[in-house]
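Here is the structure we will look at.
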Amino acid sequence: MKRSNEPIFWSLFGAGGMLAALIGPALVFITGIAVPFGLIFKPDTMSYAHMLAFSQNWLGKIFVLAVIALFLWHAAHRIHIVLHDFGVHAVTLVRVLCYGGAFVGTVIAAYTLLKL
Amino acid sequence: MADTEKIIEIQVLRYRPEQDKEPVLQSFKVPFTDDMSVLQGLQYIKDFLDGTLSFRWSCRMAICGSCGMMVDGKPKLSCKTFLREYYPQGLRVDALAHLPIERDLMVSVEDFVTKLESIKPYIIPKEPRTLEQGEYLQTPQQRDMYEQFSSCINCMLCYAACPQYGLNPSFTGPGILALMHRYNADSRDGGQAERNELGYADEGYWGCTAVGYCSEVCPKGVDPANAINQNKMASAINYFTRFITPGGAEK
């Protein structure tokens, strides 16, 4: 029996799922509700200058990359297996679109963050 | 006081290879009482209405695993499912999904049995002991690690429930992967390396997409989805650490 390479994708999926469960709702609340409506945080919390400073810090870069890349890999795997469960059998095409999309998104995010 | 007799309609998917090109539905009107199982309904049909109806059964008490079938589209043990739950609308009984029908409600168990044998479903001792050395001791905590998975009665309801097995029969499937875990998780067993060659393949744990319906339909409270998920974690750790652990790469 050939060893499966699925652990690579499953680990990224699991890490993304864990991260999404832990901080996803908090991120939606902060960036989508609290800051725009001026609750709790100062109104300029997410101003360009603040966000740029955040992304220029190495810990900030790692955090932004982790959120973007792992969420993408999680979504890619989830969409892939759901399509499989629903009987979409264009396996190679689905894999290329899902994981390829996550890969491209990861590269763009990493490149952009490095340039800041 | 005797129950007033009630009549329920049971539709049965028939397939008699010598006369039917494909499975056909046949309807029977069966008198029943509240304590009658679906299996007893089928036995009534066989005894009084149509003696050619074929189905497997043995113990009538959910321990032999012979009488699995689709009852109104859900995998059930017919001995553990009661006709009263389907009254007055009636019910439909099919052979287990995803498995080739041999005749009427009997499916071929060949694939299941071949796979079951392939996982070495027995304890492979870590170290051989002589009779004088006595039995292999185990603490209650060590037993808890595998006990629920040892309740499997090989009824194949989880195979009828598993969409992955339905899509791709080369997938080992929930029940047998749960049994593989039952032996791998046994403190007396040393056969993990032999079994995990299959477990770590696409046909093993990785063929599962965590739908979880297997665990819902199990009549014995086994949780195959949990067994598989635990092993995905172990398999993933092994995948990434095999080159830095001694002897790990050959596994």
Side-chain angles (χ1 to χ4, degrees), chain A residues 1-25 62 65-103 105-107 109-110, chain B residues 97-98 114-115 118-120 161-174 176-177 180 192-214 225 228-245 248-251:
Chain A
M1 289 271 167
K2 198 176 143 286
R3 182 189 272 273
S4 174
N5 287 316
E6 196 67 10
I8 298 171
F9 304 104
W10 184 80
S11 303
L12 289 164
F13 164 77
M18 176 84 82
L19 196 64
L22 284 175
I23 66 166
I62 290 167
L65 182 64
V67 167
I68 294 174
L70 291 177
F71 277 36
L72 278 175
W73 284 101
H74 179 81
H77 187 73
R78 173 63 73 203
I79 293 167
H80 172 221
I81 59 174
V82 166
L83 285 172
H84 177 70
D85 287 345
F86 279 100
V88 177
H89 296 308
V91 180
T92 312
L93 179 70
V94 170
R95 285 181 85 101
V96 166
L97 287 178
C98 289
Y99 298 133
F103 180 75
T106 304
V107 170
Chain B
H98 305 156
T114 310
K115 283 174 177 162
S118 78
I119 62 143
K120 307 186 182 184
C162 175
Q164 298 317 317
Y165 182 72
L167 287 168
N168 178 11
S170 70
F171 174 41
T172 306
I176 292 171
L177 289 173
M180 190 146 107
Q192 290 91 339
E194 294 170 52
R195 296 193 195 95
N196 279 339
E197 199 195 328
L198 167 64
Y200 292 173
D202 280 330
E203 293 83 356
Y205 308 125
W206 297 106
C208 165
T209 62
V211 171
Y213 193 32
C214 51
I228 294 172
N229 224 28
Q230 285 187 46
N231 282 284
K232 276 188 181 173
M233 184 54 90
S235 171
I237 291 170
N238 175 279
Y239 184 89
F240 294 112
T241 58
R242 69 196 139 132
F243 299 112
I244 51 168
T245 40
E250 295 95 64
K251 277 185 202 163

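Scope of the values below: all heavy atoms of this structure, side chains included, with no hydrogens, waters or symmetry mates. A, B, ... follow the sequence lines: proteins, then strands. Residue 1 opens every chain. None of these values were measured; they are calculated from a predicted model.
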(message) Surrounding OH of Y213(B) (heavy atoms of other residues, nucleotides or ligands, distance under 6.0 Å), is the total greater than 12?
(response)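 Enclosed.
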(request) Of all the heavy-atom pairs spanning M1(A) and A201(B), show the shortest one and how long it is. (result)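 Between these two residues, the closest heavy atoms are CB-CB, 3.9 Å.
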(request) Provide the closest heavy-atom pair for L167(B) versus H84(A) in the form atom of the first, atom of the second, distance. (result)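 Closest pair (atom of L167(B), atom of H84(A), distance): CD1-O, 3.2 Å.
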(message) Please report the interatomic distance CD(E6(A)) to OH(Y239(B)), rounded to the nearest 0.5 Å.
(response) 10.0 Å
(request) Could you pull out all residues at least two apart from K232(B) that satisfy salt bridge (charged side-chain N to carboxylate O under 4.0 Å, His left out)? (result)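 With sequence neighbours excluded, K232(B) shows a salt bridge (charged side-chain N to carboxylate O under 4.0 Å, His left out) to no residue whatsoever.
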(request) Only counting residues at least two apart or in another chain, list the ones meeting salt bridge (charged side-chain N to carboxylate O under 4.0 Å, His left out) with E197(B). (result)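 For E197(B), no residue satisfies salt bridge (charged side-chain N to carboxylate O under 4.0 Å, His left out) once neighbours in sequence are set aside.
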(message) Need one label for F240(B): side chain, backbone, both or neither, based on atoms under 4.5 Å from any heavy atom in chain A.
(response) side chain
(message) If you count heavy-atom pairs within less than 4.5 Å of chain A, which of D202(B), N196(B), N168(B), L198(B) leads?
(response) D202(B)
(request) Under 4.5 Å, heavy atom to heavy atom: which of residues 73-81 of chain A reach chain B? Give them by number, or say none. (result)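 Result: I81(A).
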Residues 8-19 of chain A, side-chain donor-acceptor partners within the protein, below 3.5 Å, at least two apart:
residue : atom : partner : partner atom : Å
S11(A)  : OG   : P7(A)   : O            : 2.6

